[in-house]
Protein chains: 2
Amino acid sequence: MTLNQLKVFVLAVRLGSMRAAAQALGVSEPAVSQALTALRQSLGDPLLVREGSGMVLTPAGRRVVGLASQMVNLAVEAEAAVRHAHGSPELIRVAATATVGEAVVPALLQAYTNRATNVEATLGIGTVQELAALLTERLADVAIGPRLSGPAAVGILSEPLQRYRLTFVAARSDPLTTNGPVSLARLREVDWLVDPSGTDPLSEVGQLLGHARVPESRIRVFPSQSAAWAAAATGTGIAPAVEHLLGATGHPGLGFVPVGGSPFPMFWYASMLSGDRTPATAIRLRRFLATPDALQAMYRTDGGVPASKFRPPVHVTIWN
Amino acid sequence: MTLNQLKVFVLAVRLGSMRAAAQALGVSEPAVSQALTALRQSLGDPLLVREGSGMVLTPAGRRVVGLASQMVNLAVEAEAAVRHAHGSPELIRVAATATVGEAVVPALLQAYTNRATNVEATLGIGTVQELAALLTERLADVAIGPRLSGPAAVGILSEPLQRYRLTFVAARSDPLTTNGPVSLARLREVDWLVDPSGTDPLSEVGQLLGHARVPESRIRVFPSQSAAWAAAATGTGIAPAVEHLLGATGHPGLGFVPVGGSPFPMFWYASMLSGDRTPATAIRLRRFLATPDALQAMYRTDGGVPASKFRPPVHVTIWN
DNA sequence: GGGCGTCCTAAGCTAACCCTTAAGCCGTTC
DNA sequence: GAACGGCTTAAGGGTTAGCTTAGGACGCCC
């Protein structure tokens, strides 16, 4: 029984599958399967067994998850305690969806670290489902993205962070931008150029695509929203866009697509563990989020932060 | 940071030295030093530093030791949870000093496991100082030996288990047994034949030897009390003896040595964590200890249990 | 039935853990 | 100063964790 095995186990339980856990941890699937095998062997219980589609906990597994989760949490706490005792910069770990993690959150975190000295921030990108699990396992202190709800989000408090408007853009030369209102059927016939969160069924864009029944073959995933825009500007297809991120003057070469009801008013939320489980570091960030500085940072379009530092590879990064 | 490293660290802190931790864990001293080095490195803090004679915790170490202890405890709990869910026999881990662990506790545990079905007992031998640490680290559920007190025993409840009388024996042919009352000075001039707890300064015999200022060169340690008796019967020297364990008829070849004040009335105690930290399994054993069956078992002289099972090697055994 | 998504196993590798013995360092103590 | 107890470092070796790629087993769904 190692702490790593316990972490893997808990994450597999919270995410409901080994595949998802592997993705969240950034490792191959057998790595997760094997860690679990080792844990099963050392405890002498299957812990987590397949049942039809999906997996269920054994009675022993049900008891162990809670204990394992506590152990993982304590390990994180121990590291934080050492940092604190050293007077080292406090570390805040933020997780976000791809859309908001591309520019908005980096700008936010830079503003925060500039203002509050002695704070260091890291950012990881994950799916909406992962955000909840990362928070409850204390692998992240704050999650920024859509509101977290449902059974995976018990004990998590989501509060509105910022209002934004979701629009749709295409090349100015594209008939979509000029031919008046676009029908639902038409939306299924064009290419959708999306950032990685487009493949996340719980993200804003993912939900939209699912709702409109856009076939997967029509979805083209780009490493970032701006890359999708660039592709839209020079080629064909429609790209979702956060209105104010396009820049005050609009994007040269791009025009708005008049999808019915757009621009859609939406909210980003900041989520963290509720009650006495809220990390101290999350509380401090939340205080900052209420300031005008934070609001202003979120409206900046430049990001203002070196991409190397705050733009991790396409998928999730988990911090050790 | 591994669970093993944390266990070593906590034990070193509780016992106040690496040497003691190594002995308690049954490993070499560098093994402990190394585990600690690895932990220090992974946390980036010395945790435990030398200060003159003895070691003190760094500020970070002070924070970490509590968290580490919790983690180790949770790991033990997880294993117990699996056993319980399986309907496996409940495991009770008893620690005792050498004197009482040689025959009394084995007989006690056999009576207990005979009566309470679905219970499995293991026994480890340790010094008095170790007993306290083993309990607080949940490496043992119940400790049997002298009363545990002092700073290392906070949170531990010791209650009297049985009264016994400490006497002294030597070969019948030895003048000590026949020449009337023995002076203190005389006690320092004879060989003392003791079980391993004779080297434990906090054990009953150890305290006695220390009080009487018996020089170490006069102390000969045997693997068990009965081995010491056998040596006394055929050679020279004096051996402490629990009166009722000599057998109703006395031991052939041995006679009592009239040490002033002997036989000394004393108590064995059963100790366990107090409050809500008391292991459920310890509570059940305690209930048994109050029964006549338990009393009777402690008075039996045969032990009644295969030595191989309940007589671990000379020193401590720690269970994983 | 065929495809697909998901989990498991196999094989091979690297790195870390954990143990040992032997020897060095540095306090305290006589 | 010499001896000693106690912690550390060094060197070496066995075992296990933990990762990968490749391939097999099984249930679900069209």
Side-chain angles (χ1 to χ4, degrees), chain A residues 1-13 15-43 45-58 61 68 71-72 75 127 129 199 201 213 215-217 317-318 320, chain B residues 1-9 11-13 15-43 45-58 61 72 75 127 129 199 201 215-217 317-318 320:
Chain A
M1 173 168 44
T2 73
L3 285 170
N4 188 32
Q5 287 163 7
L6 294 171
K7 179 163 87 179
V8 168
F9 169 54
V10 173
L11 218 45
V13 172
L15 294 176
S17 93
M18 309 217 166
R19 185 171 195 68
Q23 196 183 359
L25 289 166
V27 298
S28 70
E29 190 187 301
V32 168
S33 178
Q34 239 169 285
L36 215 38
T37 304
L39 185 61
R40 290 197 242 250
Q41 201 160 5
S42 83
L43 286 179
D45 189 282
L47 300 174
L48 199 57
V49 294
R50 298 188 65 165
E51 191 176 279
S53 67
M55 314 202 64
V56 295
L57 287 166
T58 65
M71 280 190 257
V72 175
T127 65
Q129 188 195 20
T199 60
R213 298 182 187 281
E216 286 203 16
S217 59
T317 59
I318 294 281
N320 308 326
Chain B
M1 175 168 41
T2 73
L3 285 170
N4 188 31
Q5 287 164 7
L6 295 170
K7 180 163 88 179
V8 168
F9 169 54
L11 217 45
V13 171
L15 294 175
S17 92
M18 310 218 161
R19 186 173 193 67
Q23 195 183 358
L25 289 166
V27 299
S28 70
E29 196 182 299
V32 168
S33 178
Q34 237 170 290
L36 214 39
T37 303
L39 184 63
R40 291 196 241 249
Q41 200 159 6
S42 82
L43 287 179
D45 189 281
L47 299 174
L48 198 58
V49 294
R50 300 187 63 167
E51 192 176 279
S53 66
M55 314 202 64
V56 295
L57 287 166
T58 66
V72 176
T127 65
Q129 188 194 19
T199 60
E216 286 202 16
S217 58
T317 60
I318 294 281
N320 309 326

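Each chain gets a letter, A, B and so on, in the order its sequence line appears, and its residues count up from 1. Not measured: the values here are computed from a predicted model. The basis for the numbers below is simple: all heavy atoms, side chains too, and nothing from hydrogens, waters or symmetry mates.
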Taken in chain and number order and not counting sequence neighbours, the residues that satisfy salt bridge (Lys or Arg N to Asp or Glu O under 4.0 Å) with B:R19 are B:E29
So, is A:N4 close to the D:dA17 phosphate, meaning a side-chain N or O under 4.0 Å from OP1 or OP2?
no
Does the side chain of A:S28 get closer than 4.0 angstrom to OP1 or OP2 of D:dC19 through an N or O atom?
no
Nucleotide N/O to protein N/O under 3.5 Å, stretch nucleotides 6-10 of chain C:
from: C:dT6; atom 1: OP2; to: A:R19; atom 2: NE; distance (Å): 3.0
from: C:dC7; atom 1: OP1; to: A:M18; atom 2: N; distance (Å): 3.2
from: C:dC7; atom 1: OP2; to: A:M18; atom 2: N; distance (Å): 3.4
from: C:dC7; atom 1: OP2; to: A:R19; atom 2: N; distance (Å): 2.9
from: C:dC7; atom 1: O4'; to: A:R50; atom 2: NH1; distance (Å): 3.3
from: C:dC8; atom 1: OP1; to: A:R40; atom 2: NH2; distance (Å): 2.8
from: C:dC8; atom 1: OP2; to: A:S33; atom 2: OG; distance (Å): 3.3

Between CG on residue B:L47 and CE on residue B:M55, distance to nearest 0.5 Å
10.0 Å
Show the nearest heavy-atom pair for residues [X] and [Y], with the distance to one decimal.
{"X": "B:A24", "Y": "B:L11", "answer": "CB-CD2, 4.4 Å"}
{"X": "A:A68", "Y": "A:L6", "answer": "CB-CD2, 3.8 Å"}
{"X": "B:L3", "Y": "B:A75", "answer": "CD1-CB, 4.3 Å"}
{"X": "A:A22", "Y": "A:S28", "answer": "CB-O, 3.7 Å"}

Residues forming a side-chain contact (heavy atoms from CB on, under 4.5 Å) with B:N4, sequence neighbours excluded:
B:T2, B:K7, B:V8
Axis-to-axis angle between the two ends of the helix from C:dG1-D:dC30 to C:dC30-D:dG1 (five base pairs per end, rounded to 10 degrees)
30°
Distance in angstrom units between [X] [atom1] and [N] [atom2], rounded:
{"X": "A:Q41", "N": "D:dT16", "atom1": "CD", "atom2": "P", "result": "10 Å"}
{"X": "B:L3", "N": "C:dC18", "atom1": "CG", "atom2": "C1'", "result": "15 Å"}
{"X": "B:L39", "N": "C:dC18", "atom1": "CG", "atom2": "C1'", "result": "14 Å"}
{"X": "A:Q5", "N": "D:dT16", "atom1": "CD", "atom2": "P", "result": "13 Å"}
{"X": "A:Q23", "N": "C:dG5", "atom1": "CD", "atom2": "P", "result": "13 Å"}

What contact category does B:T2 fall into here, base, sugar-phosphate, or nothing, at under 4.0 angstrom with non-hydrogen atoms?
sugar-phosphate
Return a table of donor-acceptor pairs under 3.5 angstrom between the side chains of residues 34-42 of chain A and protein atoms on other chains or two or more places apart.
from: A:T37; atom 1: OG1; to: A:S33; atom 2: O; distance (Å): 2.8
from: A:R40; atom 1: NH1; to: A:P46; atom 2: O; distance (Å): 2.9
from: A:R40; atom 1: NH1; to: A:L48; atom 2: O; distance (Å): 2.6
from: A:S42; atom 1: OG; to: A:M1; atom 2: N; distance (Å): 3.4
from: A:S42; atom 1: OG; to: A:L39; atom 2: O; distance (Å): 3.3

